[in-house]
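Input: a single structure, listed below in C-alpha cells.
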Protein chains: 2
Amino acid sequence: MERHMDAVDEIIDGWQRVMPSEDVEPMGVFSRIGRLAQRFDALRRNALAAHGLQLGDFDVLSAIRRCPDGAMTAGQLAKENLVTSGTMTNRIDRLVARGLVGRSADVADARIVRVQLHPEGQRIVDAAFVELLRIEHELLGCIRDADRQPLVDRLRELLARIEA
Amino acid sequence: MERHMDAVDEIIDGWQRVMPSEDVEPMGVFSRIGRLAQRFDALRRNALAAHGLQLGDFDVLSAIRRCPDGAMTAGQLAKENLVTSGTMTNRIDRLVARGLVGRSADVADARIVRVQLHPEGQRIVDAAFVELLRIEHELLGCIRDADRQPLVDRLRELLARIEA
DNA sequence: TCCCAATATCTTGATGTCAAGATACCGTGG
DNA sequence: CCACGGTATCTTGACATCAAGATATTGGGA
C-alpha cells in the first residue's frame with residue numbers, strides 16, 4: 001500500500017518532470033534530512049526559549065556540561081559546535097553576562113581562555129536537556145522499535161562519509 | 001563487531017554519564033540528523049558558490065523551476081521555503097537585481113506579486129541542480145542499495161510526525 | 001454604498017553569524 | 001637571547017534572517 005505523498009515527494013516529482021534524464025533518488029534522503037533538521041530546530045528553539053536559552057547558548061552549555069573537566073577552552077567549543085571563533089566569543093559574552101558561565105585564564109598558556117559552568121548555568125542546561133529529550137522521545141514514537149537501530153546505523157554511515 | 005564511535009556517540013556517552021537516569025537513545029537519531037544537515041548545508045553552500053548562488057537563492061529559483069506554471073507568488077515561495085515574508089522580499093530583490101527572475105503584478109489581485117524565472121535564471125538553477133545531485137549520489141554511495149528504501153521510509157515517517 | 005476583517009507584500013530595527021584581520025602569546029631554532 | 005612562524009582569542013564590518021508593524025488591496029456584510 002502506498003503511503004500518501006509528503007512535501008519532499010512533491011519536490012522530487014517536480015524535478016523529475018523537469019529533468020527526466022536525471023536520477024533524483026538521493027533527494028528522498030537528503031531533502032528529508034534537511035527538512036527534518038529545519039523543523040526540529042524550530043521545535044528546539046521554541047522549547048529552549050522557555051528556559052531563556054537560544055540554540056547556540058544551549059550548545060555551548062551542553063558541551064561544557066558533558067565534559068569531564070567541567071571546563072573547555074573557547075577554541076574547543078568553537079570546533080565542537082562547528083562555528084567560528086568570533087561566533088563563540090559572542091556566545092560566551094552572552095552567557096558570561098547572564099552569569100551562567102565564567103571565563104578564566106589558563107595557568108600554563110595565557111592565550112587560552114577556559115570557560116566553566118556556574119551552578120545556575122548547570123541547573124538551566126540540565127532542565128533544558130531533560131525537556132529536549134522528552135520531545136525527542138515523543139517524536140521517535142512513530143518509529144517501530146525494531147526499525148530504530150537500522151535507522152541509526154544508516155545515519156551513522158552517512159555522517160562518517162560526510163565528515164571524511 | 002562494533003563500528004568505531006563517531007562524534008555523536010561521544011556526545012551521547014557524555015550525557016549518559018552526567019544523567020544516568022535518562023534514556024538518551026533518541027539522540028542517536030536526532031543529533032545525527034542535525035549534524036548531517038549542518039555538514040550537508042556546508043557542502044551545498046560551497047557547491048552553489050561556484051554558480052554565484054547562496055542557499056536561499058537556490059531554494060527560490062528551484063521552487064519556481066519545478067512549478068508547472070513557471071511562476072509563483074511571493075507568499076507561496078515564503079511558505080514553501082519556510083521563511084518569513086520579509087526574508088522572501090530580500091531574496092527576490094537580490095535575484096531581480098541580477099536579472100535571474102522578474103516580478104510582475106497579478107492581473108486579478110493587485111496585492112499579489114508573481115515571480116517568474118528568466119532564461120539566465122533557469123540556466124543557472126539547472127546547472128546547480130545537476131551538480132548538487134551529483135554530490136548527493138556520491139554521498140549516498142556509502143549506503144547499500146537494499147538499505148536505501150527503509151531509510152527513506154523511516155525519514156518519511158519522522159517528517160510526517162514532525163510536520164503534524 | 002460604506003466599513004472592516006482578512007489577505008499579501010514590503011519596511012524597519014535588532015540580532016546572530018561569518019570572514020578577515022588585529023592582538024597577544026607560545027615555543028623552537030639560530 | 002632574540003626572531004619568527006604557529007596558535008588562540010577577540011574585534012570589525014557586512015549580511016541574511018526574523019518579528020512586528022506599515023501599507024495596500026480584496027471581498028463580503030450592514
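Numbered from 1 within each chain, the chains take letters A, B, ... in sequence-line order.
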Among residues two or more places apart or on two chains, list those pairs meeting ring-ring contact (aromatic ring centres under 6.0 Å, His included) that have a residue in residues 78-135 of chain B. A:W15-B:F129
Where do B:L158 and B:V29 land on the side chain to side chain contact (heavy atoms under 4.5 Å, CB included) test, with the steps shown first? CA-CA 10 Å; B:L158 275 178; B:V29 173; 4.0 Å; yes
How many Å lie between CG on B:N46 and C1' on C:dA19, as a whole number? 14 Å
Membership question, hydrophobic clusters at under 4.5 Å side-chain separation (ILVMFWY): are A:L82 and A:I33 in the same one? no
Rounded to whole angstrom units, what separation is found between the CZ atom of A:R45 and the C1' atom of C:dT15? 12 Å
Quick check: does any side chain N or O of A:R32 sit under 3.5 Å from a backbone N or O of A:G28, one acting as donor and the other as acceptor? yes
All heavy atoms of B:Q116 vs all of B:R114, minimum pair found to be OE1-O, 3.7 Å
Considering all heavy atoms of both residues, which atom of A:Q16 and which atom of A:E22 are nearest to each other, and what is their separation? OE1-O, 3.1 Å
Do you see a donor-acceptor pair shorter than 3.5 Å between the side chains of B:R66 and B:S62? yes
Short of 4.0 Å, heavy atom to strand atom, which residues of residues 103-117 of chain B count as contacting DNA chain C? B:R103, B:R111, B:I112, B:V113
Under 3.5 Å donor-acceptor, B:Q122 side chain and B:P119 backbone: no
Would a distance-only check, ignoring hydrogens and angles, find a side-chain to backbone donor-acceptor pair under 3.5 Å from A:D106 to A:A108? yes
Salt bridge (charged side-chain N to carboxylate O under 4.0 Å, His left out): which pairs involve residues 131-144 of chain A, sequence neighbours left out? A:E131-A:R134, A:E138-B:R161, A:R144-A:D147
Gap between atoms CD and C1', on B:Q38 and C:dT17 respectively (whole Å): 12 Å
Looking at A:D93 and A:R98, does any basic side-chain N land under 4.0 Å from a carboxylate oxygen? no
Per the under-4.0 Å heavy-atom filter, residues of residues 61-81 of chain A near DNA chain D come out as A:T73, A:A74, A:G75
For the helix from C:dT1-D:dA30 to C:dG30-D:dC1, what angle separates the axis at the start from the axis at the finish, each from five pairs, in steps of 10°? 10°
To the nearest angstrom, how far is B:D93 atom CG from C:dT12 atom P? 12 Å
Return the minimal non-hydrogen interatomic distance between A:V8 and A:S31, and the atom names on each side. CG1-CB, 3.8 Å
For nucleotides 17-23 of chain D, just jot down a letter per nucleotide in 5' to 3' order: B, S or -, based on protein non-hydrogen atoms under 4.0 Å. BBS----
Between CG of B:L53 and P of D:dA16 the distance, given in whole Å, is 13 Å
Give a yes or no on whether the backbone of B:D6 and the side-chain of B:D9 come within a donor-acceptor separation of less than 3.5 Å. yes
